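In what follows, chains are A, B, ... by sequence order, proteins preceding strands, each numbered from 1. Nothing here was measured: the structure is a model prediction, and the numbers come from that model.
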Amino acid sequence: MPHVSLTVNGKPASADVENRTLLVQLLREKLGLTGTHVGCDTSQCGACVVHVNGRSVKSCTILAVQCEGANVTTIEGLATDGKLHPMQEAFRENHGLQCGFCTPGMVMSALDLVKHNPDPSEREVREWLEGNLCRCTGYHNIVKSILAGAAAMRGQPTKAAAE
Amino acid sequence: MYDFAYHRPTNLADAARLAKEAEAKLMAGGMTLIPTLKQRLAKPSAVIDLGAISDLVGIRVEGGRLTIGALTTHADVARSAEVRRTIPGLADLANGIGDPQVRNRGTIGGSLANNDPAADYPAAVLGLGATIQTNERSIAADDYFKGLFETALKEGEIITAVHFPIPEKAAYAKFPNPASRYAIIGVFIAKGPQGVRVAVTGAGNGVFRVKAMEDALAKNWSADAINDITVPASECNSDIHASSEYRAHLIGVMAKRAIQAAG
């Protein structure tokens, strides 16, 4: 059986997998990291977004064996010393989650956006979320959260969002 | 997903050798292959992952042409200063494929080898008159696309790079499916070393050129020049997303938008 060794959230991890095992299955079923969700399992909804070598990817559409030696970050890897990451905090503060199912993918996707575009416009945020679906359709507060999270990461105080 | 053997060669020679195996399947970014495997629509004996062959990644401008390595992701093409400087319409096209996560994994070589009839890159490659470089030969765009998911590639032949002549003007206009972002109709128009070329994706069984539009635009580079030129609806597909008549109409609309965007 293939054996995969990789770094997950800064720590070495390894597991026996099948060649057909998906990264999301490795994370959830082998490593117990159930913060990454499986929504559609057809690469559409984005609930399973994690970072592989610094890029956001849909972990339901990459094989675990492709991640040999890779550096993977999941939603569990964001908080430090019990303190939420500024993007997580922004989602909490701005009611960016309703049922919460899509949230891990939204947060991980948002962080990839902010890495390339630290000060995105509302339109840029909405366009970036093309690959993340919220079945509660709570996009208004998700967008608000990402703008606030980006501002916090730039070290700016969060503005009250216009309603 | 059925199980399969998995190989991750680190050089092209090993990949080519492995690809000769019957029922082996090459994988670039996997953005089409993995969903296909998950639906059990394919049952390869082996998946040969090209992802570790670093020679296949990269973008460079030399000898008056832009060369993009086959394993270069859509995100890297979209963000490349070289692409933006030489063929901005190509950077825009790459930035409109799928969604950010697809663009982070999907590659130009994978898209061209798959040749989905609604994919974006075939329109750019045909519209710009690019050359597809494989591990065995060079193939002109006009000889490469052979219809629905069919290409001139032989079994086990591997795309290594795509060479684009740098045009004077070029742009892509797409009417995307709102769910998948595949093209319902996409039109790439270029004016360059090979004259004016108009390539349409999403309409039929594969990308094609519209000679009447090319001739009209060669005489008069303006959106008005193609007012009276239509592609027959009989040459367009009809499905739940758009009727053949609507697709035929969109070809004209997208072509005009592309000309206007190209300036």
For this session: Identify the heavy atoms of B:P35 and A:T61 that sit nearest to each other, and give their distance.
Result: CD-CG2, 3.8 Å
For this session: Tell me, for B:P176 versus chain A, whether the close heavy atoms (under 4.5 Å) come from the side chain, the backbone, both or neither.
Result: neither
Problem set entry | Most chain B-contacting option - heavy-atom pairs closer than 4.5 Å, from A:T42, A:L63, A:D112 | A:L63
Exercise. Roughly how far, to the nearest 0.5 Å, is the OG1 atom of A:T21 from the CE atom of B:M1?
Worked result: 8.0 Å
Exercise. Relative to chain B, which segment of A:E68 carries a heavy atom at a distance below 4.5 Å: side chain, backbone, both, or neither?
Worked result: neither
Exercise. With a 4.5 angstrom heavy-atom cut-off, which part of B:T73 approaches chain A: side chain, backbone, both or neither?
Worked result: side chain
Exercise. Is it the case that more than 12 heavy atoms not belonging to A:R126 sit under 6.0 Å from its CZ atom?
Worked result: yes
Problem set entry | Electrostatic pair A:E130-B:R181, nearest N-O below 4.0 angstrom | yes
For this session: Measure the shortest side-chain to side-chain distance between B:R79 and A:H116 over non-hydrogen atoms and say whether it is less than 4.5 angstrom.
Result: yes
Exercise. In Å, rounded to the nearest 0.5 Å, how long is the span from CE of B:M31 to OG of A:S43?
Worked result: 7.0 Å
Exercise. Quick one: of A:V49, A:V65, A:L129, A:V57, who has the most non-hydrogen atom pairs under 4.5 Å with chain B?
Worked result: A:V65
For this session: Indicate yes or no for a side-chain donor-acceptor contact from B:N104 to the backbone of A:R55 under 3.5 Å, with no hydrogens or angles considered.
Result: no
Exercise. Would you say the side-chain atoms of B:K38 pair up with the backbone N or O of A:C60, donor to acceptor, closer than 3.5 Å?
Worked result: yes
Exercise. Atom CD1 of B:I34 and atom CZ of A:R20: how far apart are they, to the nearest 0.5 Å?
Worked result: 14.0 Å
Seminar exercise, completed: Rounded to the nearest 0.5 Å, the NZ atom of A:K58 sits from the CZ atom of B:R105 at a distance of 13.5 Å
Seminar exercise, completed: Answer key: most heavy-atom pairs under 4.5 Å with chain A among B:D99, B:D3, B:L33 is B:D3
Exercise. Has B:K43 got more than 12 heavy atoms of other residues, nucleotides or ligands less than 6.0 Å from its NZ?
Worked result: no
Problem set entry | chain A contact via B:A179 - which portion, at a heavy-atom distance below 4.5 Å | backbone
Exercise. About how many Å separate CG of B:L37 and CG of A:N19, when rounded to the nearest 0.5 Å?
Worked result: 11.5 Å
Exercise. More than 12 heavy atoms of other residues, nucleotides or ligands under 6.0 Å from NZ of B:K169: is that the case?
Worked result: yes
Exercise. Which region of A:I62, side chain (C-beta onward) or backbone (N, CA, C, O), has a non-hydrogen atom less than 4.5 Å from a non-hydrogen atom of chain B, or is it both or neither?
Worked result: both
Exercise. Once you round to the nearest 0.5 Å, how far does CD of A:E18 lie from OH of B:Y6?
Worked result: 15.0 Å
